[in-house]
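Working notes, structure below.
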Amino acid sequence: MNLEVQLPRGLRLQNPIIAASGTFGFGPEYASFVDIGALGAVSVKGVSPEPWPGNPPPRVWETPLGLLNSIGLQNHGVEVFCHQDLPFLRDTGTKVIVNIIGHTVEEYQRVAERLNAEKGVDALEVNISCPNIKEGGMSFGQEPDQAFAVVQAVRRVTDLPMMVKLSPNVTYPTVIAQAVEAAGADMISAINTVMGLAIDVKRRRPALGGITGGLSGPAVKPVALRIVYEVAQAVDIPIIGMGGINSALDVVEFLMAGAQAVMVGTVTFQYPNRMQEIIEALPAVLRSLQLNSLSETVGLALPGRVPLPPASEDAYE
Amino acid sequence: MVNKEVGGLAEMVRGRVVKRHEPAPGHVELWIHSPVLAKAIPGQFVHVATGGMLRRPISFSRLDHSAGTAAILFQIVGDGTRWLASVQEGVELDLMGPLGRGFAMPDPRHPWCLVGGGVGIPPLLAAATAWTPFLNEPPTVVLGARESALLLLEEEFRALGAAVEVTTDDGSQGQRGTVVGPLAHWLAKHPTGQVYACGPTPMLGAVARASQGQSNVWLALEQRMGCGVGACLACVVLANGQNGPVYRRVCTDGPVFAAEELIFE
């Protein structure tokens with residue numbers, strides 16, 4: 001089965017499985033465990049114009065079927081990324097999506113402009129939804145006006161395919177989605193982590209150094225599916241879905257909810273090879289559901305689509 | 001000084017538990033058949049799948065190249081280690097390793113002191129076992145525990161010929177107090193000595209302060225960890241960078257750091 005995905009501005013993925021930003025480092029870290037060239041794409045950890053220090057530890061905490069993190073977007077800045085990490089990623093043959101972050105609109109622009117000068121960047125993911133940064137980060141993703149402003153500013157300086165990563169921590173994700181579409185986003189990636197808190201009872205205080213954190217893993221999958229399903233009906237641009245994907249069947253759920261491709265993250269920490277396993281399993285899982293291509297699967301569960309009942313139920317009478 | 005030690009090449013491996021032992025209340029040691037892990041450098045760790053969202057990083061207590069076995073000794077502190085403690089002989093574990101930068105081989109020309117507190121003691125046994133045969137004289141070992149019943153691996157160190165000093169918080173065995181007393185005493189007598197330490201973070205901070213000005217002091221750290229390969233930046237510690245404090249990764253920049261690299265608050 002052909003697993004290729006055609007996205008806007010000529011972004012073509014060999015399959016719909018993308019390593020999610022923040023879970024796959026800047027590229028080389030997983031090289032001895034994962035055939036990076038086999039992935040649809042890699043979205044690197046958030047890159048800012050200057051190095052960011054990140055939040056105090058502890059930075060991760062396990063919760064039931066979830067992972068709460070407060071990394072705080074630690075990264076060594078766009079210059080080091082371009083010299084140290086990008087050449088490696090370019091050589092793997094996978095598509096490279098650079099997740100960009102900033103404290104101000106101007107900082108987002110600076111990262112995007114700097115990446116214009118580099119070969120091997122296939123797309124940008126504008127991160128307006130990290131819950132672990134006080135200024136910038138999620139605040140841009142909270143208000144439609146601010147989301148519009150930052151996306152429009154980045155659009156002015158880049159012709160690269162651009163996706164915007166949405167926050168689940170808003171009342172109406174669809175409103176933010178429509179704002180970024182109007183500002184020139186080519187795609188939407190959703191969702192970022194869900195804001196949460198854990199208490200370390202032995203220390204009698206919040207478990208994470210950053211106090212609150214972002215929840216990921218299977219615990220957030222229903223939240224993610226709900227938002228993908230709503231946003232898919234609110235905008236015309238493609239959606240990259242994510243949130244707790246552990247299996248090929250999870251991928252099919254996101255496709256049916258309206259996503260054209262997906263990102264896989266938290267499960268990689270436990271099983272680095274899981275993305276490859278999903279890519280290998282996906283054709284058989286689709287066929288078992290009487291589906292013969294990715295494209296016919298996308299959006300099948302959306303309202304107005306007449307779903308084909310499985311043959312066994314057809315034969316009931 | 002920065003740890004440049006590079007360990008064996010990490011792999012995803014499955015390893016069968018060939019022996020299980022409870023050396024102290026709430027502590028379990030598992031011997032695992034895995035030729036890949038057996039080639040680890042003391043101080044490196046294995047990332048063990050335990051059914052939760054994250055693996056558990058555990059350092060090696062014993063490494064036996066010829067038998068192809070590696071042992072891990074851990075304390076039951078939460079769901080992951082509770083599950084791992086329930087594992088019996090014959091069970092196959094899902095493992096990733098060996099990971100991280102281990103200890104460098106000690107310089108045989110200088111005296112060597114190993115300082116371990118609680119469940120930090122096991123990786124020091126792997127180090128002492130690997131390198132004591134190459135030294136001019138056996139190491140001094142300072143072992144600390146809350147109480148006598150929780151003191152780990154004392155007999156194993158004695159069997160290597162080490163001079164073992166014991167401290168307990170409650171005085172139930174050896175000197176009452178912490179490992180810092182005997183260490184300070186040893187350092188005063190051995191100004192060119194090299195120190196390898198592992199234990200709770202406050203203990204490591206005290207070791208760093210007691211050995212200030214000394215250049216051959218190596219600390220093996222513990223931190224809540226995510227990926228184990230340097231990708232997620234979860235398991236960081238505060239260290240001295242070129243332009244002020246920076247967070248460095250325990251999983252790939254450590255877990256063994258030079259004491260002078262680290263900042264203890």
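Keep in mind that this is a model prediction, so the values were computed, not measured. So that the names make sense, note that chain A is the first sequence line, chain B the second, and so on, each numbered from 1.
Under a cut-off of 6.0 angstrom, the local environment of CZ in B:Arg146 is sparse, with at most 12 non-hydrogen atoms contributed by other residues, nucleotides or ligands. Atom CD of A:Glu253 is surrounded by more than 12 heavy atoms from other residues, nucleotides or ligands within 6.0 Å. Counting heavy-atom neighbours within 6.0 Å of A:Arg204 CZ, excluding the residue itself, gives a total of 12 or less.
With hydrogens and angles ignored, the 3.5 Å screen pairs no side-chain donor or acceptor of B:Gln223 with any backbone N or O of A:Pro58. A donor-acceptor contact shorter than 3.5 Å is absent between the side chain of A:Gln74 and the backbone of B:Leu233. Within the 3.5 Å criterion, the main-chain N or O of B:Val236 finds no donor-acceptor partner in the side chain of A:Arg59. A:Gln270 places a side-chain N or O within donor-acceptor distance of the main-chain N or O of B:Gly52, the cut-off being under 3.5 Å.
Taking each heavy atom of B:Tyr247 and A:Pro56 in turn, the nearest pair found is OH-CA, 3.1 Å. The two residues A:Ile71 and B:Ala234 make their nearest non-hydrogen contact at CD1-CA, 3.6 Å. Across B:Ala10 and A:Phe33, no two heavy atoms sit closer than the pair CB-CZ, 3.6 Å.
Note on A:Pro218, A:Pro64, A:Ser216, A:Gly66: by heavy-atom pairs under 4.5 Å with chain B, the leading option is A:Gly66. Heavy-atom pairs under 4.5 Å with chain B were tallied for A:Phe24, A:Tyr271, A:Tyr30; the largest tally goes to A:Tyr30.
Interface residue B:Met225: only backbone heavy atoms are found under 4.5 Å from chain A. Heavy atoms closer than 4.5 Å to chain B are found in the side chain of A:Pro272, but not in its backbone. Of the two parts of B:Val229, the backbone and the side chain both hold a non-hydrogen atom closer than 4.5 Å to a non-hydrogen atom of chain A. Residue B:Asp79: no heavy atom, backbone or side chain, is found under 4.5 Å from chain A.
Rounded to the nearest 0.5 angstrom, A:Ser32 OG and B:Met96 CE are separated by 8.0 Å. With rounding to the nearest 0.5 angstrom, the CE atom of B:Met53 is 8.0 Å from the OG1 atom of A:Thr266.
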